Amino acid sequence: TGLMMGLAGAITTRTGKVLIMITGNGANNTINDGYKVRIRYGTGSAPANAAALTGTAVGTIAEGTNDIAANAKSPFSLTAIATGLTLDTAYWLDVELAAVTAGTASITDVNVAAVDIP
């Protein structure tokens with residue numbers, strides 16, 4: 001199971017449909033292991049770093065492996081469209097993170113972007 005990263009990205013939707021894009025680098029402290037990331041969103045207070053999974057998962061899970069060395073970074077790019085959102089409501093945006101099988105996964109150099117779309 002994963003944990004929340006506490007990114008606290010935010011958008012207020014005017015259309016009920018939001019394009020979410022999150023990029024960064026992932027790593028794992030165990031060689032030949034990796035990380036898994038996926039977008040999550042919700043209303044209310046944004047989750048803190050290392051909080052239990054919360055909110056709604058959207059999009060696919062991206063996975064990276066570090067077969068060169070422990071803690072070797074590899075890039076990830078997540079894109080998803082969240083639909084059926086409540087108009088004029090603020091939503092937080094975050095990432096769930098988990099190790100593939102063992103070790104400790106981490107992410108760095110994270111960028112969060114979101115656009116209200118018709």
Side-chain angles (χ1 to χ4, degrees):
T1 60
L3 297 173
M4 302 300 292
M5 290 293 90
L7 301 178
I11 188 168
T12 298
T13 181
R14 305 283 186 236
T15 65
K17 190 174 183 181
V18 174
L19 170 64
I20 305 166
M21 300 157 285
I22 303 177
T23 61
N25 290 307
N28 189 303
N29 67 353
T30 302
I31 193 167
N32 292 323
D33 210 313
Y35 64 91
K36 298 186 282 189
V37 287
R38 178 170 43 181
I39 296 172
R40 286 187 172 258
Y41 68 89
T43 59
S45 297
N49 182 37
L53 294 181
T54 187
T56 302
V58 64
T60 59
I61 295 174
E63 190 173 307
T65 337
N66 56 337
D67 52 358
I68 297 171
N71 294 311
K73 294 180 182 179
S74 64
F76 68 84
S77 178
L78 302 169
T79 304
I81 297 176
T83 60
L85 306 178
T86 304
L87 301 181
D88 299 317
T89 299
Y91 285 84
W92 52 260
L93 310 170
D94 203 351
V95 168
E96 69 175 83
L97 171 68
V100 171
T101 56
T104 301
S106 61
I107 58 174
T108 57
D109 309 315
V110 179
N111 293 296
V112 178
V115 180
D116 216 21
I117 57 177

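Bear in mind the structure is a predicted one, so any value in this text is a computation, not a measurement.
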Colleague: Only pairs under 3.5 Å count here: list side-chain donor-acceptor contacts from residues 46-57, not counting sequence neighbours, and write none if there are none.
Modeller:
none

Colleague: Using the side-chain contact (heavy atoms from CB on, under 4.5 Å) rule, take Val100 and Asn28 through it: C-alpha gap first, then chi angles, then the decisive distance, then the call.
Modeller: CA-CA 9 Å; Val100 171; Asn28 189 303; 5.9 Å; no

Colleague: So how far is it from Thr60 OG1 to Lys36 NZ, rounded to the nearest 0.5 Å?
Modeller: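 Result: 13.0 Å between the selected atoms.
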
Colleague: Other hydrophobic cluster members with Val58, side-chain heavy atoms of Ile/Leu/Val/Met/Phe/Trp/Tyr under 4.5 Å, chained?
Modeller: Met5, Leu7, Ile11, Val18, Ile20, Ile22, Tyr35, Val37, Ile39, Tyr41, Phe76, Leu78, Leu85, Tyr91, Leu93, Val95, Leu97, Ile107, Val110, Val112

Colleague: How long is the gap from CG on Asp33 to CG on Asn66, to the nearest 0.5 Å?
Modeller: 7.0 Å

Colleague: Between Thr1 and Glu96, does a side-chain contact (heavy atoms from CB on, under 4.5 Å) hold up when you go through it step by step?
Modeller: CA-CA 9 Å; Thr1 60; Glu96 69 175 83; over 6 Å; no

Colleague: Considering residues, nucleotides and ligands other than Ile68, do more than 12 of their heavy atoms fall under 6.0 Å from its CD1?
Modeller: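 Check fails, neighbour count at 12 or below.
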
Colleague: Output all residues satisfying salt bridge (Lys or Arg N to Asp or Glu O under 4.0 Å) with Asp88, sequence neighbours left out; order by chain, then residue number.
Modeller: Arg14

Colleague: Would you name the heavy atoms of Ala105 and Gly34 that are closest together and state the gap between them?
Modeller: CB-O, 4.3 Å

Colleague: So, taking the atom named OG1 in Thr12 and the one named CG in Leu87, what distance separates them when rounded to the nearest 0.5 Å?
Modeller: 11.5 Å

Colleague: Not counting sequence neighbours, which residues clear side-chain contact (heavy atoms from CB on, under 4.5 Å) with Ser45? List them please.
Modeller: none

Colleague: Looking at every non-hydrogen atom in both residues, tell me the closest pair between Ala27 and Ala72 and how far apart they are.
Modeller: CB-O, 3.6 Å

Colleague: With sequence neighbours excluded, give me every side chain to side chain donor-acceptor pair (under 3.5 Å) pair touching residues 17-26.
Modeller: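 Every pair satisfying side chain to side chain donor-acceptor pair (under 3.5 Å) with a residue in residues 17-26: Asn25-Asp109.
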
Colleague: Which residues satisfy the side chain to side chain donor-acceptor pair (under 3.5 Å) test with Thr15, sequence neighbours excluded?
Modeller: Asp116

Colleague: What are the two closest non-hydrogen atoms of Arg40 and Trp92, and how far apart are they?
Modeller: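 That would be O-CZ3, 3.7 Å.
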
Colleague: Under 3.5 Å, is there a donor-acceptor pair between the side chain of Asn29 and the main chain of Thr104?
Modeller: yes

